[in-house]
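Everything below concerns the one structure shown next.
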Amino acid sequence: MTDPDPTPDSGSRYAAQPWLDLLDDAQRGPVSPDDSLVHALRRTAAEVPDRTFLAYFDGRLSHREVDELSDSVAGYLVTRGLERGDRVAVLLQNSPLFVLAVLGAWKAGATVVPVNPMYKSGEVTHVLRDGEVAALICSDRAWESYLRETAADSPVRIVLTGCELDFQTRGDARVLAFERLPEAPDAEDLTAVARYGHQAPDGRAPRPGDIALISYTSGTSGAPKGATNTHANIMYNAERQRTGLPLPEAPVYFALAPLFHITGMVCQLGASLAGAGTLVLAYRFEPGAVLDAFAEHRPHYTVGPSTAFMALAAHPDATPDHFSSFRHISSGGAPLPPALVERFRAGFGPYIRNGYGLTECTAPCASVPPAREAPVDPASGTLAVGVPGPDTVVRVVDEQGAEVPFGEQGEILVRGPQVVPGYWRLPEATAETFPDGELRTGDIGFMDAEGWLYVVDRKKDMINASGFKVWPREVEDVLYTHPAVREAAVVGVPDKYRGETVKAYISLRPGAEGDPDALAAYCKERLAAYKYPRQVEILPDLPKTATGKILRRELRTRSGDSQ
């Protein structure tokens, strides 16, 4: 199940795929994934039925148990009239309930719409209406607090709620500081449905070309659009994760990224199913709870945003032993500063390998191979995000769509078996973003002659200061080399003289002191005069999405930035 000819045309400078020389035989080899993650689960449940699949604090569920429990969820949904292709929204944290809901929906032949649990009522309303969602599976607390009213004004006709205290008994107060609510009269209990013993329906097994997910983009700029990730898209990247990483038999994955996000869905849930492994869940990210889970479960792999690794490194209890079991650690979803990579390696041992992907290419389309370290561009200080896979072609083009030479900046385009067919019911946006099936990412970057890809920044985040282009990432990378800086984000703000000027927002490392003028001077010593931030503001924390991506849009609209 690979694109037999991923190259754009024989005259393309990128058609030779120079990055193949950076991959080993396993990473270059063909893959033959199952038809879907449902098929992968059924295979593993038959081969190693008693192997632990989900570990949730002190709770354990085997592959066989998850197969049977999700069968029952599927059977219930069908008895309620759910049809093949109907949409099921899932609004849950990283718990077994999320996995049972997703697999149950897929076994019923439905399309899953993962929803960020941090969404407010208006954001959920957009997803429910735009996706024409037939069923909603959510936490009991979310249903009682706001989703009952939200769902009433939507196409939702089936509701399942669950308490995420289920399937464990520890009740870690750092993340599970809530109580079980009485059963809602207008919703069925998800755990009870899963344990009832309904039979999965016949003839509903997912097909590779079926839409598995409608993944709504994070909305960091404008209204979210639903990317239509197929089962084939998911299985290709999940299988590449399995074959491309040096993990032992029965690998243990830790779900650092939220499962509702495409990175967590594919690189954690998908990879653990494809690799017949164990997936460790800890409800949501809390540094102390995560470190304890590392010590208890000894995971081999995890992936998360750079901001999560910053928080783990800053925790006073973190030691090298917490990370000693890892065979591979990946970062994605937010820029990875070179200074953080070296600081983390010096303090804890592992080398964090960069990665690059989008919802529209079903998570990764480039990553740092396990046996290699990402180079840093000497001119800009940008850390390479990795190299494409063997069935993927990444091109860099100018504003007219012509390919630029290696080393020159332009917009990054991606073609391969992980690229989605388009956006949900948005034909014009699909035609604009996926011309001839090739994804226009909107990211600016370049590729060197060896095939290493570098992402400079988002096209829309470029700052125009007195006619000079300033990419926020370059300024942020300098700020991250300062010993006091924990997080940094750079935006353009209006300026009467320059049109725009550079402003930096930072948060400080625990116990560190920082002076805005001194931080600006630090950058001035290391950057061209038009690049260094004229304004620096220190905040306790920077605003982020649930996946750890810093929200530059929110920083731009802070009071006082419109002066």
Side-chain angles (χ1 to χ4, degrees), residues 3 6-8 12-14 17 19 215-229 233 236-237 261-263 266-267 305 331-336 354-368 377 380 382-389 391-404 406-423 426 428-448 451-462 469 471-473 545 547 549-550 552-553:
D3 188 336
T7 57
S12 164
R13 72 177 75 245
Y14 300 89
Q17 297 177 273
W19 52 85
S215 303
Y216 282 85
T217 56
S218 60
T220 53
S221 59
K225 300 186 290 290
T228 53
N229 308 97
N233 292 149
Y236 175 80
N237 265 352
H261 188 267
I262 196 65
T263 299
V266 174
C267 301
S331 180
L336 181 64
N354 213 352
Y356 171 66
L358 299 88
T359 304
E360 291 86 345
C361 60
T362 320
C365 65
S367 59
V368 178
D377 175 52
S380 64
T382 301
L383 182 72
V385 296
V387 299
D391 307 304
T392 303
V393 167
V394 172
R395 299 192 301 143
V396 182
V397 302
D398 62 21
E399 293 184 0
Q400 288 71 45
E403 290 182 358
V404 301
F406 292 121
E408 290 192 13
Q409 292 185 10
E411 184 178 4
I412 298 169
L413 277 58
V414 180
R415 184 186 296 274
Q418 70 276 68
V419 174
V420 304
Y423 292 119
L426 291 173
E428 292 183 1
T430 295
E432 179 182 354
T433 305
F434 304 91
D436 192 31
E438 186 173 43
L439 169 63
R440 299 186 65 96
T441 68
D443 288 328
I444 299 298
F446 62 94
M447 180 178 284
D448 67 23
W452 288 102
L453 180 66
Y454 299 78
V455 178
V456 176
D457 230 313
R458 291 292 293 170
K459 191 174 182 179
K460 58 182 172 289
D461 286 336
M462 187 267 290
K469 291 182 179 179
W471 296 108
R473 277 280 303 279
T545 66
T547 58
K549 190 180 297 182
I550 293 173
R552 287 180 180 150
R553 181 184 64 182

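Atoms OG1 and CD, on Thr382 and Gln409 in that order, are 8.0 Å from each other to the nearest 0.5 Å. Distance check, rounded to the nearest 0.5 Å: CG of Leu453 to CD1 of Ile412 gives 4.5 Å. To the nearest 0.5 Å, the span separating CZ on Phe434 from CG on Leu413 amounts to 11.0 Å. How far CD of Glu403 is from OG of Ser12: 3.5 Å, rounded to the nearest 0.5 Å.
Applying the side-chain contact (heavy atoms from CB on, under 4.5 Å) test to Ala429 and every residue at least two apart in sequence or in another chain returns Lys225, Tyr423, Leu426. Annotation: side chain to side chain donor-acceptor pair (under 3.5 Å) contacts of Ser367 (sequence neighbours excluded): none. With sequence neighbours left out, the salt bridge (charged side-chain N to carboxylate O under 4.0 Å, His left out) criterion links Arg440 to Glu411. The side-chain contact (heavy atoms from CB on, under 4.5 Å) check on Pro388 picks up Trp19, Thr392, Val394, Met447, with sequence neighbours excluded. Applying the side chain to side chain donor-acceptor pair (under 3.5 Å) rule to Asn237 yields no partners; only residues at least two apart in sequence or on another chain are considered. Listed by chain and number, the residues in a salt bridge (charged side-chain N to carboxylate O under 4.0 Å, His left out) with Asp377 amount to none (sequence neighbours excluded). Take Glu408 and apply the side-chain contact (heavy atoms from CB on, under 4.5 Å) test, not counting sequence neighbours, and it matches Val404, Pro405.
The nearest pair of heavy atoms linking Gly386 to Ala366 is C-CB, 4.3 Å. Summarising the geometry of Thr359 relative to Ser215, their closest heavy-atom pair is CG2-CB, 3.4 Å, with the distance given to 0.1 Å. Contact detail for Asn354 and Ala384: the closest heavy-atom pair is ND2-O, 3.2 Å.
Judged by distance alone, the side chain of Asp436 and the main-chain N or O of Glu438 form no donor-acceptor pair under 3.5 Å.
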### Message
Glu360 vs Thr433, test: side-chain hydrogen bond (donor to acceptor under 3.5 Å, both in side chains). Steps then yes/no.
### Response
CA-CA 10 Å; Glu360 291 86 345; Thr433 305; over 6 Å; no

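Here Asp461 does not pair with Arg473 in a salt bridge; the nearest charged N to carboxylate O distance is not below 4.0 Å.
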